[in-house]
Number of protein chains: 2
Amino acid sequence: MQTALRRFKADIFQALAHPTRIAIIELLSGGELSAGELIGRLGMEQANVSQHLAVLRSKQLVANRKSGNQVFYSVRDPIIFEVLALMRTYFQKHIQEAMEMLDEMDKNVRQREPGESAEPSSAHGAEI
Amino acid sequence: MQTALRRFKADIFQALAHPTRIAIIELLSGGELSAGELIGRLGMEQANVSQHLAVLRSKQLVANRKSGNQVFYSVRDPIIFEVLALMRTYFQKHIQEAMEMLDEMDKNVRQREPGESAEPSSAHGAEI
DNA sequence: TTGTAATATAAGAATTGTCGAATATTCCAA
DNA sequence: TTGGAATATTCGACAATTCTTATATTACAA
């Protein structure tokens, strides 16, 4: 059976199923970057980014090269960029329902944390 | 910023990040199928499949059409098939490390549940 | 109407994912 | 050597997923 293949695919998708990890992949589309550079551009906690990098590493999506003090990361196979490009196309095609989906998510978040919006700095309409 | 776009992409990947849901999408590649048909071919619990279908529905990956007693499902946008096709290519290219990855996963499972193998019926070498 | 088949939803337990804080490791320069 | 910069790992709290069991819902046929 192809259950192993499906487990494999699911695993790759799982690795991609986080906004930060998608951001990392996209940042690496211009070539390799050091972990510090990634942390800076993402503006997130060092440990957190390092953990996300660990996830990408464990699924072999990125390679890392040690150079002195630093560790440089790169995407192993450009096919991953193609996957993201397809997703971009998909998004553009379905932008309307995508917005509704995001709003729905926001609504749920607000129900759980009343009085606090998830991203106070901008509304979705402006963001996209 | 494109944080909304990344949240959207992550959400789609999340929806695809389960072997059963991948199987559902693949089963639907030949055209629409009823929920019952899917349950039969997957050989899984009715409730479980229904929940996975709910996930795919909530992310708008599938459409459903009610006809009498039954509900027929179909994939909304064939672009999703392209994504899976890319993954298949990726897998074929990286089959060696994929195997190692799967074995690694198995090893971890065995550490947690000693004396019980995850899939007693077959080893990975034979499965793929 | 009532019963039954097809499907969905809810509730709860177990597992897994995520994050921040703290700590460890590694490499180099002084 | 020692100190500091860059990165990784560990731990504990919390949130999200997944599964099973039980229960709802819906549409029809008898």
Side-chain angles (χ1 to χ4, degrees), chain A residues 3 6-7 10-24 32-59 61-74 104-106 108-113 116 118, chain B residues 6-7 10-24 32-59 62-74 104-106 108-113 116 118:
Chain A
T3 113
R6 280 177 187 142
R7 269 211 290 158
D11 249 51
I12 304 291
F13 286 133
Q14 176 62 39
L16 294 173
H18 194 287
T20 299
R21 294 197 289 268
I22 291 179
I24 289 173
E32 68 175 11
L33 289 176
S34 70
E37 188 67 30
L38 286 170
I39 290 159
R41 299 210 197 174
L42 291 168
M44 304 180 60
E45 289 281 338
Q46 180 268 325
N48 194 2
V49 174
S50 193
Q51 283 164 341
H52 283 300
L53 285 171
V55 171
L56 293 172
R57 248 185 299 129
S58 79
K59 301 303 163 50
L61 288 176
V62 299
N64 57 335
R65 172 178 75 80
K66 217 167 203 161
S67 170
N69 225 1
Q70 301 175 285
V71 178
F72 287 88
Y73 281 90
S74 57
E104 193 55 42
M105 284 165 52
D106 252 22
N108 295 339
V109 169
R110 270 190 235 105
Q111 279 171 0
R112 266 179 254 115
E113 304 165 43
E116 276 265 6
Chain B
R6 281 178 187 144
R7 269 211 289 159
D11 249 51
I12 305 293
F13 287 132
Q14 176 63 41
L16 295 172
H18 194 286
T20 300
R21 295 197 289 268
I22 291 178
I24 290 173
E32 68 174 16
L33 290 176
S34 70
E37 187 68 30
L38 286 170
I39 291 159
R41 300 210 197 174
L42 291 168
M44 303 179 59
E45 290 281 338
Q46 179 270 326
N48 194 2
V49 174
S50 193
Q51 282 162 343
H52 283 300
L53 285 171
V55 171
L56 292 173
R57 249 185 298 127
S58 78
K59 300 304 164 48
V62 299
N64 56 334
R65 174 178 73 81
K66 215 167 203 162
S67 170
N69 224 0
Q70 300 174 286
V71 179
F72 287 88
Y73 281 90
S74 58
E104 194 54 43
M105 284 164 52
D106 252 23
N108 295 338
V109 169
R110 271 191 235 106
Q111 278 172 1
R112 265 179 256 115
E113 304 165 42
E116 274 266 3

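Each chain gets a letter, A, B and so on, in the order the sequences are listed, and its residues count up from 1.
A sub-4.0 Å separation between OP1 or OP2 of C/dC19 and a side-chain N or O of A/His52 is present. Put simply, B/Tyr73 has no side-chain N or O that comes within less than 4.0 Å of OP1 or OP2 on C/dA6. One finds a side-chain N or O of A/His18 lying less than 4.0 angstrom from the OP1 or OP2 phosphate oxygen of C/dC19.
Note on A/Ala47: a base of the nucleic acid sits closer than 4.0 angstrom, heavy atoms only. Within 4.0 Å (heavy atoms only), B/Phe72 reaches no atom of the nucleic acid at all. Residue B/Asn69 is classed as a base contact, given a heavy-atom separation below 4.0 Å to a base.
Across D/dT7, C/dT18, C/dC27, the shortest atom-to-atom separation from the side chain of A/Lys66 is found for C/dC27. Residue A/Gln14 has its side chain nearest to C/dG17 when only D/dA8, D/dT10, C/dG17 are considered. Here C/dT7 is the nucleotide among D/dT18, C/dT7, D/dC19 with the atom lying nearest to any side-chain atom of B/Val71. Of the candidates D/dT7, C/dT7, C/dG20, the closest approach to any side-chain atom of A/Asn48 belongs to C/dG20. Comparing D/dT7, C/dG20, C/dT7 against the side chain of A/Ser34 picks out D/dT7 as the nearest. Among D/dT17, D/dT9, C/dC27, the nucleotide with an atom closest to any side-chain atom of A/Arg57 is D/dT9.
At whole-Å resolution of the value, CD1 in B/Ile39 and C1' in C/dT9 are 14 Å apart. If you take CD of A/Gln51 and P of D/dC11, they are 13 Å apart, rounded to a whole angstrom. Rounded to whole Å, atom P of C/dG17 lies 13 Å from atom CG of A/Leu56. Separating the CD1 atom of B/Ile24 from the P atom of C/dT7 is a distance of 13 Å, rounded to the nearest angstrom. One interatomic measurement links the two molecules: NZ of A/Lys59 to P of C/dT16, which rounds to 12 Å at whole-angstrom precision. In this structure, A/Leu33 atom CG and D/dT7 atom C1' are separated by 15 Å, rounded to whole Å. Residue B/Met44 contributes atom CE, which lies 7 Å from atom P of D/dT20 at whole-angstrom precision. In this entry the distance linking CD of A/Glu45 with P of D/dA6 reads 16 Å, nearest Å.
The base of D/dA27 does not come close enough to the side chain of B/Gln70 for any donor and acceptor atom to sit less than 3.5 Å apart.
Nearest heavy-atom pair, A/Asn64 versus A/Arg57, reported as atom, atom and distance to 0.1 Å: ND2-CD, 3.6 Å. In this structure, A/Phe72 and A/Ser34 approach most closely via the heavy-atom pair CD2-N, 3.5 Å. Of all non-hydrogen atoms in B/Arg21 and B/Gln14, the two that sit nearest each other are NH2-O, 3.2 Å. Across all their heavy atoms, A/Ala15 and A/Leu56 have their closest contact at O-CD2, 4.0 Å. Residues A/Ala23 and A/Leu42 share a closest heavy-atom pair of CB-CD2, 3.7 Å. For A/Ile24 against A/Leu38, the heavy-atom pair with the smallest separation is CG2-CD1, 4.3 Å.
Both B/Gln46 and B/Val55 sit near DNA chain D, but only B/Val55 has its closest nucleotide nearer the 5' end.
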